[in-house]
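Note that ligands are numbered from 1 as they come in the structure, with each ligand's atoms numbered from 1 the same way. Both backbone and side-chain heavy atoms feed into the values below; hydrogens, waters and symmetry mates do not.
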Amino acid sequence: MKRFLAAVFCMALFCSLTGCKSTGESSAEFYAMDTTMNVTAYGTGAKSAVSETQAEVDRLEALLSRTRSDSEVSAINSGAADAPVAVSIETAGLLNAAWSYSHTTNGAFDITIAPVVSAWGFTTDHYQVPTQPALDALLNAVDYTGVLVEGISSSSARVTLRKGQAVDLGGIAKGYASDCVEAILSENGVERAMASLGGNIYVRGTKPDGSAWRVGVQDPDRSGGFVGVLSLSDAFAVTSGGYQRYFEQDGKRYHHIIDPATGYPAESGLTSVTIVADGNKTETPNTPGNGTMCDAFSTAMFVMGEEKAAEFWRSGAYNFQMVLVTEDGRVLVTDGLADKFEQEDGSGYAYETISRTPS
Ligand code: AMP
Ligand code: MG
């Protein structure tokens with residue numbers, strides 16, 4: 001009996017030190033891809049899944065970062081114009097997905113926006129408003145159709161850029177990381193988990209008590225406030241907002257989501273976009289899935305603005321739902337989220353529904 005009590009005491013002490021709960025909870029918080037990330041998983045396999053997640057995000061950052069000189073993206077960007085650069089199948093696959101999202105959004109999402117993002121100082125944190133001639137010169141090379149991705153399913157995958165071009169996967173890499181986290185949780189047999197990769201949320205199964213996960217949609221104008229809460233299980237929810245990264249100069253705010261048509265931070269009348277899609281179970285690990293799609297579309301819809309985003313959603317070409325927050329104080333929710341989105345009382349916003357047929 002004494003031995004049993006001692007064992008229980010030791011277990012309780014161990015759990016209070018490591019953070020494990022009776023539900024078999026395991027969690028970690030870490031900084032990667034320029035943002036804070038956390039992951040919490042429950043049950044068998046949770047512990048190994050959580051530690052593998054951290055290692056996986058580090059691996060992806062080393063592969064895809066534009067600011068690390070030894071990444072594959074840096075190798076592509078420092079290659080000579082019109083000369084193919086050898087890359088891994090994984091990088092080629094992600095660039096290929098990014099290319100098709102650039103294409104399908106008519107260039108609102110454009111992976112060749114890199115030189116313009118740099119000109120504003122968002123890669124170095126040395127912010128500045130570029131001159132119009134400087135922007136015009138850089139915009140000449142912003143054109144995703146100039147990116148050639150070849151041999152994506154072979155060991156001789158390669159990427160070719162045109163003169164003056166560079167690629168930036170900042171608008172899609174965290175979403176891709178959430179797809180890879182989904183695969184890790186699958187491989188470890190984890191049935192309940194939540195991962196937050198800086199605005200990119202993935203929820204697996206339900207909470208341990210069987211209820212849906214609650215994902216807050218932040219109020220872009222009120223730090224710490226929400227415009228509403230989404231009740232989700234097995235889903236990705238990705239938010240892009242001008243409030244997430246910006247600088248101020250001469251009383252004006254300049255954020256990090258650039259309109260490829262102007263080279264300026266997008267002024268589409270939206271202050272945030274949240275895209276929600278099924279938390280698909282990836283059949284082939286390390287290939288882009290719905291997490292990647294949500295990330296590309298959150299950036300793209302932000303650039304497109306309310307009307308074009310609604311039109312794109314209505315086309316039904318992709319299976320996703322969205323929450324748009326407008327500058328003039330409205331929250332627009334697509335009808336597929338009707339039973340999942342809870343309005344925030346007293347937020348001051350007016351709530352509207354976007355339906356398949358325009359009203
Ligand atoms: P997100 O936070 O996912 O909306 O992505 C914003 C990041 O994507 C920026 O920090 C840039 O690195 C990059 N980016 C900015 N504008 C665009 C754009 N129009 N298309 C693709 N990537 C972009
Ligand atoms: Mg994005």
Side-chain angles (χ1 to χ4, degrees), residues 33-37 61 64-68 71 73-74 77 94-95 97-125 127 130 135 138-139 141-145 147 165-179 196-202 218 220 236-247 254-268 270-277 288 290-305 308-309 312 320 322 324-325:
M33 296 184 168
D34 231 7
T35 186
T36 304
M37 303 190 163
E61 186 169 17
L64 305 172
S65 166
R66 186 150 85 84
T67 51
R68 289 215 194 165
S71 72
V73 165
S74 289
N77 289 343
L94 181 58
L95 275 166
W99 196 99
S100 64
Y101 291 131
S102 299
H103 190 62
T104 203
T105 61
N106 211 5
F109 184 83
D110 193 319
I111 39 164
T112 60
I113 198 71
V116 179
V117 172
S118 296
W120 286 91
F122 286 112
T123 26
T124 54
D125 292 348
Y127 304 120
L135 271 184
L138 296 173
L139 280 170
V142 174
D143 175 8
Y144 68 91
T145 65
V147 179
Q165 285 196 316
V167 289
D168 179 350
L169 294 177
I172 203 170
K174 290 194 287 276
Y176 176 60
S178 65
D179 280 325
S196 170
L197 314 181
N200 289 242
I201 309 277
Y202 168 63
Q218 202 176 312
F236 292 98
V238 176
T239 300
S240 284
Y243 66 93
Q244 292 171 334
R245 192 143 184 224
Y246 62 88
F247 68 95
Y254 300 94
H255 62 71
H256 68 142
I257 304 171
I258 308 293
D259 183 347
T262 62
Y264 261 72
E267 291 191 36
S268 64
L270 296 178
T271 50
S272 90
V273 174
T274 299
I275 305 286
V276 179
N290 278 357
T292 307
M293 176 187 78
C294 287
D295 200 0
F297 287 171
S298 66
T299 309
M301 300 304 124
F302 188 97
V303 171
M304 284 180 175
K308 281 195 186 148
F312 184 80
F320 71 96
M322 61 186 180
L324 309 178
V325 184

So, the side chain of [X] versus the backbone of [Y]: is there a donor-acceptor pair under 3.5 Å, distance only?
| X | Y | answer |
| --- | --- | --- |
| Gln244 | Ser272 | no |
| Ser118 | Thr123 | no |
| His255 | Ala266 | yes |
| Trp99 | Tyr144 | yes |
| Arg66 | Asn77 | no |
| Asp259 | Ala108 | no |
| Asp168 | Ala114 | no |
| Ser74 | Arg68 | yes |
| Asp179 | Gly291 | yes |
| Ser71 | Ser65 | yes |

A side-chain contact here means heavy atoms from C-beta on lying under 4.5 Å apart; do Tyr246 and Tyr254 qualify?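 No, too far: nothing below the 4.5 Å cut-off.
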Any N or O of Lys174 closer than 3.5 Å to N or O of ligand 1: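 Between Lys174 and ligand 1, no N or O pair is found under 3.5 Å apart.
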Output field: ring centroids Phe109/Phe297 closer than 6.0 Å: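 Judged by ring-centre distance (under 6.0 Å), Phe109 and Phe297 do not meet the cut-off.
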To which protein heavy atom is [atom] closest, and what is the distance rounded to 0.1 Å?
| atom | value |
| --- | --- |
| atom 1 (P) of ligand 1 | Thr299 OG1, 3.3 Å |
| atom 20 (N) of ligand 1 | Asp110 N, 3.0 Å |
| atom 10 (O) of ligand 1 | His256 ND1, 3.3 Å |
| atom 5 (O) of ligand 1 | Gly171 CA, 3.3 Å |
| atom 19 (N) of ligand 1 | Ile258 O, 2.8 Å |
| atom 4 (O) of ligand 1 | Ser240 OG, 2.6 Å |

Among the heavy atoms of Phe122, does any lie under 4.0 Å from an atom of ligand 1?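 Not so, Phe122 does not reach ligand 1.
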[X] neighbourhood, listing ligand 1 atoms whose heavy-atom distance to it stays under 4.0 Å:
| X | answer |
| --- | --- |
| Pro260 | 19 (N) |
| Ala108 | 18 (C), 19 (N), 20 (N) |
| Asp168 | 11 (C), 12 (O), 13 (C) |

Count of N, O or S atoms belonging to protein, less than 2.8 Å from the Mg ion (ligand 2):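 With waters ignored, the protein N/O/S count below 2.8 Å is 4.
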Does only the side chain of Ile113 get under 4.0 Å from ligand 1, or the backbone, or both, or neither? Count heavy atoms.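 The part of Ile113 near ligand 1 is the side chain, not the backbone.
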